[in-house]
Structure formats: structure tokens, C-alpha cells
Amino acid sequence: MKVRVRLFAALRDVMGPDLEIELPLGTTVEELWKRMVADEERLSPFADAVSFAVNHDFVAKDALLNPDDEVAFLPPVSGG
Amino acid sequence: MYEIVQDILDVRTLAQEIATDADGAIATFSGIVRGTNKGKKVLFLEYEAYPEMAVKMMTRIGDEVKETWGLESMRIQHRVGRVNVGETSVVIVVTSPHRDDAFAACQYAINRLKRIVPIWKREVFEDGEVWVEGPTETAEVP
């Protein structure tokens, strides 16, 4: 299956804003993140410092991904 | 009702738009860009948002305010892009028949915004820049 990954702030500086990633069915959002961190060394400072969102809602790390989901890895927010 | 915008924010106009004859109070919060942070001179801030999710989370805060205080008038606007020192980055306006609820709802909304709305700021100094990280606890789903 294919999912869209969106990145912001410091993560966007490393990876660019958008990615499309091909994944096996049954992948969790945390598994996808760990795979991205393993593939890109510059993401390692953020490994334990992101929240997960799927289709514009926060999700737990064990959330299963579905085809065409929009996944986002969010650094700690600092609006206001 | 809940917007991510590029333009200068105008809290007074917003307050006039939502106030009705049933209201006895308007509480407003304006967040403005401070010229120093931790002793360093700040030139300006750059805000970035995940706009679709930011609007969804602000809408959720509005639902929570409605649930707790029964107030449906709240408006929130947050700027993105460059915001200069002294300019307003966020405004929250809420009206109610009596002041206590308006104050409480307004404070609740800004505290909640700082935890769950996906917006980030980058501080630009004379000698560099840094993304500011908020206090989000990543172990939980906010």
C-alpha cells in the first residue's frame, strides 16, 4: 500500500515537505517512523520526540496504517 | 471560525463581529512576538503550520469550550510566515453573558492551542535561527 507522509518544521528541513512511501499492509505508524529514522541518519535526533498523526488526528503509536492515509510526524508544537 | 492566515490580525474587528445583544463580556487574547527570548535579541519569528490539522484541532478546542461553558462564539486566528517583533501571532476572542466564563474559556483555549495545534515557530536571531520546541508529551495522544 502507499501512504503520504507530511513533515514540518525541523523535520521538513531534513526531509522536505512530502513523501510517498510504499509499505506492507499491517504496518503501524511507529514502524513507519522507525523505518524512516533507520534510513535517514539526520532524523535520529528526533527519534523519540515526535507525535504521530493520521488523517489530521493524533493517533497512538500502534495505530495501523491504511492505503492512502496521510501520515504526519510532528515535532513538539510551539504555536502561540 | 478557526483560521490560519498570512495577514495582520485585528482582534478588535473580530470581537465586534461576534458580539451580540446577549453578551455582557468579550474576552480577547493576543499573543505578540517578544523582542528577546532567554536573553537573546529576536529579530522576527517564522511560523509554519500543518494547516488542515491545525484547523481541525482548533475546531476541537472550540467543541471543548462549547461543552464546558456552553459558549459557541469563539474565534481563533493564527498567523503563519514572518511575524515581526511586536506584531500579533495569534488572537482568541470569546464572548459570553458574564465575564467569568469568557475569561476562563479564553485562557483554556490558548493553553490548549499551545499543546495540540500543529504550529511551529522558528526564532531568527542576529547570528542564527532555531526551531522552538514546545512541551508536548509524546507518550500520550493529546
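Each chain gets a letter, A, B and so on, in the order the sequences are listed, and its residues count up from 1. What you see is a predicted model, and the numbers here were worked out from it, not measured in a lab.
If you chain together hydrophobic residues whose side chains sit under 4.5 Å apart, Tyr2(B) and Ile92(B) fall into the same group. Under the 4.5 Å side-chain heavy-atom criterion for ILVMFWY residues, no single connected hydrophobic cluster contains both Met1(A) and Leu64(A). One hydrophobic cluster holds both Leu65(A) and Val37(A) under the rule that ILVMFWY side chains link at heavy-atom gaps under 4.5 Å. With hydrophobic clusters built from ILVMFWY side chains whose heavy atoms lie under 4.5 angstrom apart, Met74(B) does not share a cluster with Val91(B).
Residue Ser89(B) comes nearest to Gly80(A) through the heavy atom pair OG-O, 3.3 Å, listed as atom of the first residue, atom of the second, then distance. Considering every non-hydrogen atom in both His56(A) and Met53(B), the closest pair reads O-CG, 3.4 Å.
No more than 12 heavy-atom neighbours from other residues, nucleotides or ligands sit within 6.0 angstrom of CZ on Phe103(B). Heavy-atom neighbours of Lys40(B) NZ from other residues, nucleotides or ligands within 6.0 Å: above the threshold of 12. For Arg35(A), the CZ atom is densely surrounded, since the number of other residues' heavy atoms within 6.0 Å is greater than 12. Within a 6.0 Å sphere centred on CD of Gln107(B), heavy atoms belonging to other residues, nucleotides or ligands number 12 at most.
If you measure heavy-atom distances from Ala49(B) to chain A, the contacts under 4.5 Å come from the backbone alone. Both the backbone and the side chain of Tyr50(B) come within contact range of chain A, with heavy atoms under 4.5 Å apart. Proximity to chain B (any heavy atom under 4.5 Å) is restricted, for Asn55(A), to the backbone atoms N, CA, C and O. Of the atoms belonging to Lys56(B), it is side-chain heavy atoms, and not backbone ones, that fall under 4.5 Å from chain A. Proximity to chain A involves both the backbone and the side chain of Val132(B), based on heavy atoms less than 4.5 angstrom apart. Only the side chain of Glu48(B) comes within less than 4.5 Å of a heavy atom in chain A; its backbone stays farther off.
Interface summary for chain A: among Arg122(B), His78(B), Arg79(B), the most heavy-atom pairs under 4.5 angstrom belong to His78(B). When Gly79(A), Ser78(A), Ala72(A) are compared by the number of non-hydrogen pairs under 4.5 Å with chain B, Ser78(A) comes out ahead.
Considering only heavy atoms from C-beta on, Asp57(A) comes within 4.5 Å of Met57(B) through its side chain.
Of the residues listed (Trp131(B), Tyr47(B), Trp120(B)), the one engaging Phe8(A) in a ring pair (Phe, Tyr, Trp, His ring centres under 6.0 Å) is Trp120(B), and it is the only one.
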